[in-house]
Amino acid sequence: MAKERVVQAIQQALEAARDRGELSFSGTPEVEIEVPRNREHGDFSSNVAMALAREANLPPRKIAECIVASIGVGDGLIDRMEVAGPGFINFYLKPGWLHDVILKIAGEGDRYGRSDAGAGTKVLLEFVSANPNGPITVASGRGGAIGDTLARLYELTGAQVAREYYINDAANSTQMINFGKSLVVRYLQELGQSIEMPEDGYQGTYVNQIAKDIIAQHGDTYVSMDAEERLTLFTRMAEDAMIAQQKADLEEFGIVFDCWFSERSLHDSGKVREAVAKLDERGFTYEKDGAVWLRSTNFGDDKDRALVRSNGSPTYIAADAAYHADKFERGFNKLINVWGPDHHGYIARTKAAVAALGYRAGDVDILIYQAVRLMSSGEVVMMSKRAGDVISLSELVQEVGKDAARYFLLMRSHDSQLDFDLELAKSQSEENPVYYVQYAHARIAALLRNAEERGVVVPTAEDANLSLLVDEPELDLIKKLADWPEEVARAAFRHEPHRLSAFATELARLFHKFYTECRVLGDDEALSGARLALVSASKQVLGNLLHTMGIEAPERM
RNA sequence: GCCCCCGUAGCUCAGGGGAUAGAGCAACUGCCUUCUAAGCAGUGGGCCACAGGUUCGAAUCCUGUCGGGGGCGCCA
């Protein structure tokens, strides 16, 4: 595409200048070009001259002029160049390059935006991974939106991607036993016994529901059961019920995992023991106070961590070490974990465990997203899982819809806290940003329907006379369309799925602007045809974009 | 005490070495006999928390201070 050709032209010019002895620098300089914010600064702009100034020991503008002088304009792409400001080189291209973009989009369709930039990468994306003791919360939903969108982005770069949910189902977890106890209480209460829910029990009504389901299936069989046996059974049943519900909640949110990975399975299969043994063999453990410790400080952690308790049971970090080893053993070469803010303390120790096991810690990327606050009428809606007044992801989806929920949870950088304005997300009106974007798509669809009704033929991109597209709103819109593939790669590799919401807003704005200023179905048949080709391309890109965000692209609104 | 994130318009936040700092919401003013006004155009609104430093160039990088949030277990 045009951008690569400009980069190549600069590189060749640099080498030519070096060969002539006009510039001195070593290696091949990284040539970066960008789309300038200001349209008057051309189609692309480069700062190489300034970046090279020190090494070449020449004023930036001088270098820029030297580069410009050795770039030919005869290749049909570059119209003219300008040295501007402190030493920017601005490239003004012949409009044909933009028309090629429309041809490319028409040719690639749903695949427009794909690349092979990530080919050969086998990514395991682990996200959500909530404890199986309640419905998926809105906070976990943020992790879900981020993880799933990141997965879609990586897929577009040609990487192989697996979405995985790590189930924290280790036996004897105090949380889970407590959860099981709560279920027992509800079960007995439902059957008329008067016992109190303990202070630290799970108050949510979903526990009552599980109790009712058990009664519906098994009646009062468990009333007379041995209490300890019953607790074990109920803990397991509570867990199974929650996992099933979580699966359903997430599917409703547009997320389907390739694998639900059980922590317990790591213990049962002996993999946790193996991992601890391997750490021991490699000399990174020691015993103290009857416990086995990992020398995680050897790998940058600020203190050593217990792997096996003095009572002989392995800790969470031991299982985590085994889990990450297992991921690598399954052939993945890039592990991405999307974790909530309460896990930030685990980054150093997890990476330490990975390194101590002999894997590359650099192949593990851990993304911590910050808290979500639900806001209603300017007030924070408080949430506590145990108190039972959580607003679940499922409730949020029912309240505002999947599209608004996903869009809002993707609007902010993962490391910013996020205020989720319920009223705004709910409002089916102009103030809601998600509708702004979807409306652009629906508007396009309406336009194309209209054309059909009027008997106007939408020409193929090849048949349209694209050179008629010369107005500013048209060119600005095409430039944005041209940027999509690169935006995909940026958002993927920088792990910034929230960029898509900004891109979506910008693309929608440029379309609306075009729509307002450029009449599509007019008297000039050739111009209408060219504009319809542009409209189709816009629909394609907007659709691809919304699909990547996991949001519907409506045909009408 | 130590660690992480944040501090940018009235509010919520993008931008994270480059040219004149942006968006949504809120406020105000225009634009529908013509393709969806869920739209467009315009106005007002900023010591980019503060202080030093690095750089040709800093909202952006470094150090420190202040303010907000989160995390620091032989819990998971």
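- B/C11 and B/U65 are spaced 27 Å apart, taking the C1' atom of each and rounding to whole Å.
- Contacts of A/Ala84 with the nucleic acid, taken as non-hydrogen atoms under 4.0 Å apart, include base atoms.
- Under the Watson-Crick or G-U wobble criterion, with both distances below 3.5 Å, B/G16 has no partner in any strand shown.
- For the C1' atom pair drawn from B/U8 and B/C48, the interatomic distance equals 4 Å after rounding to whole Å.
- Nucleotide B/A49: paired with B/U65 (Watson-Crick or G-U wobble, both distances less than 3.5 Å).
- Base pairing of B/A9: no nucleotide in any strand meets the Watson-Crick or G-U wobble criterion (both distances under 3.5 Å).
- Note on A/Glu263: only backbone sugar-phosphate atoms sit closer than 4.0 angstrom, heavy atoms only; bases stay farther off.
- At least one side-chain nitrogen or oxygen of A/Arg37 sits closer than 4.0 Å to the OP1 or OP2 atom of B/A19.
- Counting non-hydrogen atoms under 4.0 angstrom, A/Ala291 reaches a base of the nucleic acid.
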Intermediate values then yes/no, ring pair (Phe, Tyr, Trp, His ring centres under 6.0 Å), A/Trp484 and A/Phe503: CA-CA 8 Å; A/Trp484 170 239; A/Phe503 192 93; 5.5 Å; yes

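- Distance noted for atom C1' between B/U60 and B/G53: 15 Å (whole Å).
- Atom-to-atom, OH of A/Tyr439 to C1' of B/C40 comes out at 11 Å; the value is rounded to the nearest Å.
- Judged by distance alone, with hydrogens and angles left aside, A/Asn47 brings no side-chain donor or acceptor close enough to the base of B/A19 to form a pair under 3.5 Å.
- Checking B/A14, B/C74, B/A41 against the side-chain heavy atoms of A/Trp293 singles out B/C74 as nearest.
- Residues passing the side chain to side chain donor-acceptor pair (under 3.5 Å) test with A/Asn47, sequence neighbours excluded: none.
- Among the protein residues, A/Ala442 comes within range of the nucleic acid bases, having at least one heavy atom under 4.0 Å from a base atom.
- An anti orientation is assigned to B/C61, its glycosidic angle lying beyond 90° of 0.
- In this structure, A/Asp304 reaches neither bases nor backbone, as no heavy-atom distance under 4.0 Å exists between it and the strands shown.
- Comparing the C1' positions of B/G45 and B/C4 gives an interatomic distance of 34 Å, to the nearest angstrom.
- A/Ser45 places no side-chain N or O within donor-acceptor distance of the main-chain N or O of A/Asn90, the cut-off being under 3.5 Å.
- For A/Tyr436, a side-chain nitrogen or oxygen approaches OP1 or OP2 of B/C40 to under 4.0 Å.
- Of the residues A/Arg490, A/Arg499, A/Lys3, the one that meets the salt bridge (Lys or Arg N to Asp or Glu O under 4.0 Å) test with A/Asp483 is A/Arg490.
- For a distance-only test at 3.5 Å, the side chain of A/Ser45 qualifies as a donor-acceptor partner of the base of B/A19.
- Each of A/Asp342 and A/Asn90 has a nearest nucleotide on RNA chain B; the 5'-most of these lies closest to A/Asn90.
- The side chain of A/Arg509 contributes no N or O atom lying less than 4.0 Å from OP1 or OP2 of B/G39.
- In terms of phosphate contacts, A/His498 brings a side-chain nitrogen or oxygen within less than 4.0 Å of OP1 or OP2 of B/G15.
- When both distances must be under 3.5 Å, the Watson-Crick or G-U wobble mate of B/C40 is B/G30.
- Whole-Å rounding puts the A/Arg449 CZ to B/U36 P distance at 8 Å.
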Candidate pair A/Phe234 and A/Phe179, rule ring pair (Phe, Tyr, Trp, His ring centres under 6.0 Å), full reasoning: CA-CA 9 Å; A/Phe234 272 51; A/Phe179 188 52; over 10 Å; no

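- Using atom C1' as the reference point in both B/A9 and B/C61, the two lie 25 Å apart (nearest Å).
- Within the nucleic acid shown, A/Met50 comes within 4.0 Å of at least one base atom, counting heavy atoms only.
- The closest donor-acceptor contact from the side chain of A/His324 to the backbone of A/Asp320 lies under 3.5 Å.
- The only option from A/Phe257, A/Tyr166, A/Tyr165 that meets the ring pair (Phe, Tyr, Trp, His ring centres under 6.0 Å) definition with A/Phe127 turns out to be A/Phe257.
- Among the protein residues, A/Ala371 comes within range of no part of the nucleic acid, since none of its heavy atoms lies under 4.0 Å from any strand.
- Within a 6.0 Å radius of CZ in A/Arg295, other residues, nucleotides and ligands contribute more than 12 heavy atoms.
- Counting only heavy atoms from C-beta on, A/Asp419 has its side chain closest to B/U12 among B/G39, B/G71, B/U12.
- Along RNA chain B, the nucleotide nearest to A/Asn38 and the one nearest to A/Thr516 differ in position, and the one closer to the 5' end is contacted by A/Asn38.
- Side-chain atoms of A/Leu424 lie closest to B/C25 of the nucleotides B/G39, B/C74, B/C25.
- Nearest to the side chain of A/Asp289, among B/C74, B/U12, B/U55, sits B/C74.
- Residue contacts shown for A/His344 include a base, since a base heavy atom lies under 4.0 Å away.
- Between A/Arg443 and the phosphate of B/A37, there is a side-chain N or O to OP1/OP2 separation shorter than 4.0 Å.
- Taking the C1' atom of each, B/G39 and B/C3 are spaced 48 Å apart, rounded to whole Å.
- If you check B/A19, B/G70, B/C13 against the side chain of A/Phe88, the one that comes closest is B/A19.
- Pair check for B/C2 finds B/G71; Watson-Crick or G-U wobble, both atom distances under 3.5 Å.
- On the P atoms, B/G7 is 13 Å away from B/G16, given to the nearest whole Å.
- Looking at heavy-atom distances under 4.0 Å, A/Arg61 makes no contact with the nucleic acid at all.
- Note on A/Ser416: a side-chain N or O is less than 4.0 Å away from OP1 or OP2 of B/A14.
- Dashed line: the shortest gap from a side-chain N or O of A/Lys303 to OP1 or OP2 of B/C3 is not under 4.0 Å.
- Under the stacking criterion of a centre-to-centre distance below 5.5 angstrom and an interplanar angle below 30°, A/His41 sits stacked against the six-membered ring of B/A19.
- The gap from the C1' atom of B/G52 to that of B/G10 amounts to 31 Å, rounded to the nearest Å.
- Backbone-only contact: A/Arg54 has heavy atoms under 4.0 Å from sugar-phosphate atoms and none from a base.
- Nearest nucleotide to the side chain of A/Gln175, out of B/U55, B/C40, B/C75: B/C75.
- As a whole-Å value, the separation of A/Gln438 CD from B/A37 C1' is 18 Å.
- Rounded to an integer number of Å, the gap from A/Arg305 CZ to B/C3 C1' is 10 Å.
- With ring centers used as reference points, A/Phe44 lies 6.0 Å or more from A/Tyr92.
- When heavy atoms are screened at a 4.0 angstrom cut-off, A/Arg556 is found touching base atoms of the nucleic acid.
- OP1 or OP2 of B/G24 has not a single side-chain nitrogen or oxygen of A/Asn432 nearer than 4.0 Å.
- Counting atom types as modelled, A/Asp421 pairs no side-chain N or O with a base atom of B/U12 as donor and acceptor under 3.5 Å.
- When atom types are taken as modelled, the side chain of A/Asp471 and the backbone of A/Glu474 share no donor-acceptor pair closer than 3.5 angstrom.
- Contact annotation: side chain of A/Thr315 to base of B/C74, donor-acceptor pair absent below 3.5 Å.
- B/C25 atom C1' lies 10 Å from atom CZ of A/Arg412, rounded to whole Å.
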